[in-house]
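Heads up, the thing below is written out as structure tokens.
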Protein chains: 2
Amino acid sequence: MRDALVAAAFQLFLERGFEQTTVDDIVALAGVGRRSFFRYFPSKEDVVFPDHERCLADMAAFLDSGADSDDPVVRVCDAARLVLRMYAENPAFSVQRYRLTKQVPALRTYELSVVRRYERGLAAYLRGRYADLPDGTVRADVIAAAVVAAHNNALRSWLRGDGSDDPVALTDRTLGLVLETWGGSPAGNGPTEDVVVVITRRSTPMWRVVKDVESAFRYGNGRQ
Amino acid sequence: MRDALVAAAFQLFLERGFEQTTVDDIVALAGVGRRSFFRYFPSKEDVVFPDHERCLADMAAFLDSGADSDDPVVRVCDAARLVLRMYAENPAFSVQRYRLTKQVPALRTYELSVVRRYERGLAAYLRGRYADLPDGTVRADVIAAAVVAAHNNALRSWLRGDGSDDPVALTDRTLGLVLETWGGSPAGNGPTEDVVVVITRRSTPMWRVVKDVESAFRYGNGRQ
DNA sequence: CGGCGGGAGGGTACTGAGTGTCCTGTGGCA
DNA sequence: TGCCACAGGACACTCAGTACCCTCCCGCCG
């Protein structure tokens, strides 16, 4: 039933556009009643993103499970990869949906609100992990936003292509940049033995070197 | 006329809620025709954010103007401060609107789409500045997202309060964290004095340390 | 001075999304 | 066989947003 509605909706959306298709058209093609459509999908936009609710739940479950011993940023990046996996499961469907969404403002707005829910999920997790860090909530929000941006950058460049690229490799690359910057748990379970390498110009004043070393210790400086 | 509609709308939104107020109610109170409402505001949501269009234009103008010699991240942070200034101009109005938006899903979604436009503006600017950098678009997207997240974190914590805090100080603090991480133009007019700090575990193999140092040289690693 | 064109605003009717309510068929159970 | 729960359908309604046409006002020109 759900699947029949999704199939009918996409057929019509692709052949005559989202705005040119009414819910009545969809239910007529699917051979069901109009009211049933809204029983399965709260709005016309929802039918375009039928699997995000499940993926959101999966991500929440993933973040809830697992020990708090590992790097929070790594964990959050792995959570983002769950979303990528969902897209990569049906490349043809994902590319079609991407092209549709790109053209329809209502769908772009809807997608935005979905992305926001993922981001808030990641931020909530990080806020918990950074609870006892100064400026922990800012750090959490910023990292969550950065992870989502990096993930979406890779996802979109994959969707823009013909689907022949490897989305996982693309995402690894962009998330790698975020990990390079923010990875290396500043929240603790800290490294037990540190080696500090400082490279500086001879002309740099010593106070600046000290400040940078302190800052690197405080925040991990993106490298472990 | 515009102002009269905004005033009437807010009066009704505050006393009976956004969804419980119809456009007919607003135009009846303002004493104008229904059609005129939609001449000034494309949708019912727009009346809640009457000054964002102007602010978006201001930000675009700000980013277009000015030399390309300074740090792009600093410039983007300054652009974000324009938005804060708009909120800070009418604290009472901003706080009322925040409380309204927090409760109404449709307004949250709308606000999201506005924030997205700011973010895309910042990202487009950074993409231009980082055009000849490897992974420049990712870096641009990530920094834009980080700046917006930091800005919104400060803005929201100010709006949640009673308006007595200093919003500029709050924003300086959160944007400062972003600047600390990403500031220091990697795009060139390069820094004249480098300090590279690498912290690693004693067990880390040397090849990895070398790789990290090389990478830090290439990207500036967020610190000057 | 009178006609006139254009733009701002008002009125009416329409489309289409989303909701509430009631009805009907169907399948399980005592 | 009677009963109940529930999935789905039919219908009516609200309200946002749009198209079309009307009116009034204001400056302009013959």
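Proteins get letters first, then strands, A, B, ... in listed order; numbering begins at 1 in each.
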Near DNA chain D, counting only heavy atoms under 4.0 Å, which residues of residues 2-33 of chain B show up? Thr21(B), Thr22(B), Val23(B)
Begin with the C-alpha distance, continue with both residues' side-chain angles, and end with the deciding distance and a verdict on side-chain hydrogen bond (donor to acceptor under 3.5 Å, both in side chains) for Asp135(A) and Tyr130(A). CA-CA 8 Å; Asp135(A) 296 311; Tyr130(A) 294 150; over 6 Å; no
Chain B on DNA chain D: first and last contacting nucleotide, 5' to 3', under 4.0 Å to a heavy atom?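 Using the under 4.0 Å cut-off, the span is dC15(D) to dC20(D).
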Please check if the distance between the ring centroids of Tyr118(A) and His52(A) is under 6.0 Å. yes
For the residue pair Tyr98(B) and Tyr87(B), is the inter-centroid distance of their aromatic rings smaller than 6.0 Å?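 No - the distance between ring centres of Tyr98(B) and Tyr87(B) does not fall below the 6.0 Å cut-off.
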Whether over 12 other heavy atoms sit under 6.0 Å from Arg117(A) CZ: no
CZ (Arg173(B)) with more than 12 external heavy atoms under 6.0 Å: no
From Cys77(A) SG over to Leu82(A) CG, what is the distance, rounded to the nearest 0.5 angstrom?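 One finds 11.5 Å between SG of Cys77(A) and CG of Leu82(A).
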Rounded to the nearest 0.5 Å, how far does CZ of Arg75(B) lie from CG of Leu63(B)? 6.5 Å
Close residues, residues 36-46 of chain B, relative to DNA chain C [heavy-atom separation under 4.0 Å]: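 Nucleic-acid contacts, sorted: Ser36(B), Arg39(B), Tyr40(B).
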If you compare all heavy atoms of Asp25(B) against all heavy atoms of Arg16(B), which two are closest, and at what distance to 0.1 Å? OD2-NH1, 2.9 Å
Shortest non-hydrogen contact from Ala4(B) to Ala30(B)?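 Looking at all heavy atoms of both residues, the shortest contact is O-CB, 4.3 Å.
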Bounded by its outermost nucleotides with an atom under 4.0 Å from a heavy atom of chain B, the footprint on DNA chain C reads dG9(C) to dG11(C)
Can you tell which of Arg97(B), Arg85(B), Arg2(B) makes a salt bridge (charged side-chain N to carboxylate O under 4.0 Å, His left out) with Asp51(B)?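 In the set Arg97(B), Arg85(B), Arg2(B), the residue that makes a salt bridge (charged side-chain N to carboxylate O under 4.0 Å, His left out) with Asp51(B) is Arg97(B).
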Which residues share a ring pair (Phe, Tyr, Trp, His ring centres under 6.0 Å) with Phe37(A), sequence neighbours left out: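 Ring pair (Phe, Tyr, Trp, His ring centres under 6.0 Å) check on Phe37(A) returns Phe41(A).
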Partner residues of Tyr125(B) under the ring pair (Phe, Tyr, Trp, His ring centres under 6.0 Å) criterion, sequence neighbours left out: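 Partners of Tyr125(B) by the ring pair (Phe, Tyr, Trp, His ring centres under 6.0 Å) criterion come out as none, since no residue qualifies.
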